[in-house]
Novice: 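This is the structure, below, for whatever I ask next.
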Amino acid sequence: QVQLVESGGGLVQAGGSLRLSCAASGRTFRGYAMGWFRQAPGKEREFVAVIAGSGGSTYYADSMKGRLTISRDNAKNTLYLQMNSLKPEDTAVYYCAAGPSFSVTPREYSIWGQGTQVTVSS
């Protein structure tokens with residue numbers, strides 16, 4: 001079974017950029033759709049972006065569309081999320097997740113990383 005470890009979070013000023021990474025163990029990484037989700041204090045976990053196992057299809061949350069690029073390197077078993085023009089409201093813990101289908105719903109994902117904190121200052 002795949003295990004996931006996120007990295008790349010941190011403190012950034014509004015308008016700045018961050019690149020999150022999610023390293024996966026296991027030989028079946030390419031068989032999973034991979035999603036990014038985020039959760040701010042006191043709020044429910046929400047969808048950010050998803051990419052198909054082949055990398056050929058992507059989909060983004062409307063709230064962040066145009067500021068994100070999700071990508072994956074199946075040879076390196078790594079998922080990425082490039083975030084640009086960050087806003088204070090993007091502050092949250094960001095999680096990567098693996099699942100069998102291309103979905104925006106957290107419950108469709110069975111494998112989760114521990115999360116990485118992103119803080120955007122104004």
Side-chain angles (χ1 to χ4, degrees):
Q1 181 168 325
V2 171
Q3 293 183 319
L4 306 174
V5 179
E6 300 97 333
S7 61
L11 174 64
V12 63
Q13 290 188 332
S17 299
L18 281 175
R19 188 193 196 202
L20 306 183
S21 297
C22 173
S25 63
R27 296 182 293 175
T28 59
F29 178 69
R30 66 175 60 248
Y32 290 93
M34 297 296 298
W36 284 100
F37 295 82
R38 67 183 184 183
Q39 188 165 18
K43 295 187 177 181
E44 292 187 353
R45 192 166 297 190
E46 65 173 351
F47 166 76
V48 173
V50 59
I51 187 167
S54 66
S57 297
T58 59
Y59 184 74
Y60 299 95
D62 287 343
S63 61
M64 297 191 77
K65 195 173 292 183
R67 300 189 291 124
L68 298 177
T69 303
I70 187 171
S71 62
R72 64 192 295 165
D73 185 336
N74 286 340
K76 295 182 178 180
N77 280 8
T78 305
L79 173 73
Y80 303 99
L81 184 69
Q82 177 68 44
M83 303 189 293
N84 301 321
S85 302
L86 285 163
K87 305 174 182 180
E89 52 264 43
D90 295 323
T91 294
V93 177
Y94 284 71
Y95 298 89
C96 64
S101 57
F102 191 83
S103 174
V104 303
T105 306
R107 66 174 179 269
E108 297 292 328
Y109 291 81
S110 56
I111 304 169
W112 291 83
Q114 83 289 350
T116 186
Q117 177 71 47
V118 171
T119 303
V120 185
S121 63
S122 57

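Computation of the quantities below employed the complete heavy-atom set of this structure, encompassing side-chain atoms and omitting hydrogens, waters and symmetry-equivalent molecules.
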Novice: Taking only residues at least two apart or on different chains, which pairs with a member in residues 72-89 satisfy salt bridge (charged side-chain N to carboxylate O under 4.0 Å, His left out)?
Specialist: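 For residues 72-89, and leaving out neighbouring residues, there are no salt bridge (charged side-chain N to carboxylate O under 4.0 Å, His left out) pairs at all.
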Novice: Can you tell me how far the CD atom of Q13 sits from the OG atom of S121, to the nearest 0.5 Å?
Specialist: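 Interatomic distance, Q13 CD to S121 OG, rounded to 0.5 Å: 5.0 Å.
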Novice: Which pairs would a plain distance check flag for residues 49-65, meaning a side-chain donor or acceptor within less than 3.5 Å of a matching protein atom at least two apart in sequence or in another chain?
Specialist:
unit_1, atom_1, unit_2, atom_2, d
S54, OG, G56, N, 3.1
Y60, OH, I70, N, 2.9
D62, OD1, K65, NZ, 3.1

Novice: Establish whether V48 and L20 are linked, either directly or via other cluster members, by ILVMFWY side-chain heavy-atom contacts under 4.5 Å.
Specialist: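 In one cluster: yes.
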Novice: Under the side-chain hydrogen bond (donor to acceptor under 3.5 Å, both in side chains) rule, collect the residues that match up with Q3, sequence neighbours excluded.
Specialist: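 For Q3 there are no side-chain hydrogen bond (donor to acceptor under 3.5 Å, both in side chains) partners, ignoring immediate neighbours.
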Novice: With sequence neighbours left out, which residue pairs that include part of residues 15-25 fulfil the side chain to side chain donor-acceptor pair (under 3.5 Å) condition?
Specialist: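 Qualifying pairs, neighbours excluded: S17-N84.
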Novice: Please collect all disulfide bond (SG atoms under 2.5 Å apart) contacts where either partner lies in residues 23-89, sequence neighbours excluded, each pair once.
Specialist: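 For residues 23-89: none.
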Novice: Once you round to the nearest 0.5 Å, how far does CZ of R67 lie from CG of L86?
Specialist: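 The distance works out to 6.5 Å.
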Novice: Considering only residues two or more places apart or on different chains, which pairs with a residue in residues 25-55 satisfy disulfide bond (SG atoms under 2.5 Å apart)?
Specialist: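 Residue pairs passing disulfide bond (SG atoms under 2.5 Å apart), neighbours aside: none found.
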Novice: Sequence neighbours excluded, which residues qualify as side chain to side chain contact (heavy atoms under 4.5 Å, CB included) partners of A14?
Specialist: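 A14: side chain to side chain contact (heavy atoms under 4.5 Å, CB included) contacts with P88, V120.
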Novice: Please set out all donor-acceptor pairs under 3.5 angstrom arising from side-chain atoms of residues 28-36, sequence neighbours excluded.
Specialist:
unit_1, atom_1, unit_2, atom_2, d
W36, NE1, Y80, O, 3.3

Novice: How would you list all residue pairs meeting disulfide bond (SG atoms under 2.5 Å apart) that involve residues 27-59, not counting sequence neighbours?
Specialist: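 Those involving residues 27-59 do not exist here.
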Novice: Please list, one pair per line, the donor and acceptor atoms closer than 3.5 Å that link side chains of residues 93-109 to other protein atoms, with sequence neighbours excluded.
Specialist:
unit_1, atom_1, unit_2, atom_2, d
Y94, OH, R38, NH1, 3.0
Y94, OH, D90, O, 2.6
S103, OG, T105, N, 3.0
Y109, OH, S103, O, 2.5

Novice: Apply side chain to side chain contact (heavy atoms under 4.5 Å, CB included) to T119 and list each qualifying residue two or more places apart in sequence or on a separate chain.
Specialist: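 Side chain to side chain contact (heavy atoms under 4.5 Å, CB included) list for T119, sorted by chain: L11, T91, Q117.
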